[in-house]
There are 2 protein chains.
Amino acid sequence: MYTKKIEEDLNCGVRVAMKVFGGKWKCCILDAISQGISRPADISRVITDASPRVIEMHLAELLFFCAVEKDTDEVYPKRSEYRLTALGRTILPVIAHLEEWGQTNMEFVKDRQAVLDERMVIGMHAEMD
Amino acid sequence: MYTKKIEEDLNCGVRVAMKVFGGKWKCCILDAISQGISRPADISRVITDASPRVIEMHLAELLFFCAVEKDTDEVYPKRSEYRLTALGRTILPVIAHLEEWGQTNMEFVKDRQAVLDERMVIGMHAEMD
DNA sequence: CCCGATACCGAATCTTTTTTCGGTTATTGC
DNA sequence: GCAATAACCGAAAAAAGATTCGGTATCGGG
């Protein structure tokens, strides 16, 4: 985990939520675990865009904030199983809400992003609209 | 806006949502605008922790993705008013959901964070739990 | 005529987050 | 005995994002 230089304000609900499940891949990880994909190696195989390292780090943070719990077989080959806690399960509907908004507006956002990408290639003339 | 080096995947709803309102202060800005605080200078006065510059940049992005619309008086002193678009209004319930989760779990998350902060001061001995 | 207000932009600098890469431990399969 | 697997950690490097600072423009008050 990181040591922050700038004091963070956890008096805002949105910030608190982002603290717990705001990492780049945390929603994907929680989603995978909720589907029964419980071992780190399996999660890595499902979320191929994320490096195994970041999945480890995110799992450690989710564990620390008690969104997931771990159960490790200490004999080798080590096998860990991650499961959602009661707290973790309360996050799922919030993620579902985010996911729904994103799915609804995906095409529009992609289109706008394409405009932006094009501008970067050409050289950023023209206005923002 | 920033030029990304790593190609981002906008096929995930959560990522799409975070793209549009995932900046550090975007939820606060949308909330302020929804309450009728429409001018940049006023938003800055309300969100004192954010620099005016980042508010400008976030407003530009919200504008680009059509979450807000702008209406500028081109005579000096320039006065701009930002309002939520129909799209922007659809974000509010999602933010409310995030905010609610955060409020519900604020004390718990703060407590865990305190454990982490303490560890940083002392020097990071001990396990993660 | 300078100072403050308003809006906004560019660029350097910092902080935070993610990625990459190498390592540890110990078992199983060849 | 060597490679593959599993989980995980540390540290450097890269990328993303936020902040700071200075600048533009123009009006109005003192």
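Below, read A as the first sequence line, B as the second, and so on, with proteins coming before strands; counting in each chain starts at 1. Just so we're clear, the structure is a prediction, and the values are computed from it rather than from any experiment.
- Rounded to whole Å, the distance from CG on B:D42 to P on C:dC8 is 13 Å.
- Of the side-chain N and O atoms in B:R39, one or more sit less than 4.0 angstrom from OP1 or OP2 of C:dA7.
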Distances under 3.5 Å between protein N/O atoms and the N/O atoms of nucleotides 10-14 of chain D, please, pair by pair.
{"unit_1": "D:dG10", "atom_1": "N7", "unit_2": "A:R53", "atom_2": "NE", "d": "3.4"}
{"unit_1": "D:dG10", "atom_1": "N7", "unit_2": "A:R53", "atom_2": "NH2", "d": "2.7"}
{"unit_1": "D:dG10", "atom_1": "O6", "unit_2": "A:R53", "atom_2": "NE", "d": "2.7"}

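- Regarding A:R79, its CZ atom lies at a distance of 15 Å from the C1' atom of D:dC8, rounded to whole Å.
- Among residues two or more places apart in sequence or in another chain, the salt bridge (charged side-chain N to carboxylate O under 4.0 Å, His left out) test is passed with A:R83 by A:E69, A:D71.
- Separating the CG atom of B:D49 from the P atom of D:dG17 is a distance of 21 Å, rounded to the nearest angstrom.
- If you take CZ of A:R45 and P of D:dA4, they are 15 Å apart, rounded to a whole angstrom.
- With C:dC8, C:dT6, D:dA6 as the candidates, the nucleotide lying closest to the side chain of B:S80 is C:dC8.
- Among the atoms of the strands shown, none is found under 4.0 Å from any heavy atom of A:K26.
- Between A:L116 and A:Q113 the shortest side-chain heavy-atom distance falls below 4.5 Å.
- A distance of 11.5 Å separates CG of B:D49 from OG of B:S44, quoted to the nearest 0.5 Å.
- Contacts of B:S51 with the nucleic acid, taken as non-hydrogen atoms under 4.0 Å apart, include base atoms.
- For A:E81 and D:dA7, the CD to P distance is 10 Å, given to the nearest whole Å.
- In this entry the distance linking CD1 of B:I6 with P of D:dG17 reads 10 Å, nearest Å.
- Of the possible donor and acceptor atoms, one in the side chain of A:E99 sits under 3.5 Å from a partner among the backbone N and O of B:V14.
- An OP1 or OP2 oxygen of C:dT16 is reached within less than 4.0 angstrom by no side-chain nitrogen or oxygen of A:K24.
- A straight line from CH2 of B:W25 to C1' of C:dT16 spans 14 Å, rounded to a whole angstrom.
- Listed for the B:S34 side chain is a donor-acceptor partner under 3.5 Å among the backbone atoms of B:D31.
- Each of B:K26, B:K24, B:K19 was scored for a salt bridge (Lys or Arg N to Asp or Glu O under 4.0 Å) with B:E61, with one residue passing: B:K26.
- One can place CD of B:E61 at 15 Å from C1' of C:dC8, the figure rounded to the nearest angstrom.
- Looking at every heavy atom in both residues, A:P40 comes nearest to A:S80 through CD-O, 3.7 Å.
- The closest donor-acceptor contact from the side chain of A:T85 to the backbone of A:C66 lies under 3.5 Å.
- In the set C:dT19, D:dA6, C:dT16, the nucleotide with an atom closest to the side chain of A:V54 is C:dT19.
- The listed nucleotides are C:dA7, C:dC8, D:dA18; the one nearest the side chain of B:A41 is C:dA7.
- Remark: B:K19 is not in phosphate contact with D:dG17, judged by side-chain N or O atoms under 4.0 Å from OP1 or OP2.
- In this model, the phosphate group of D:dA18 is approached by a side-chain N or O of B:H58 to a distance below 4.0 Å at OP1 or OP2.
- The listed nucleotides are D:dA18, C:dC8, C:dT19; the one nearest the side chain of B:T72 is C:dC8.
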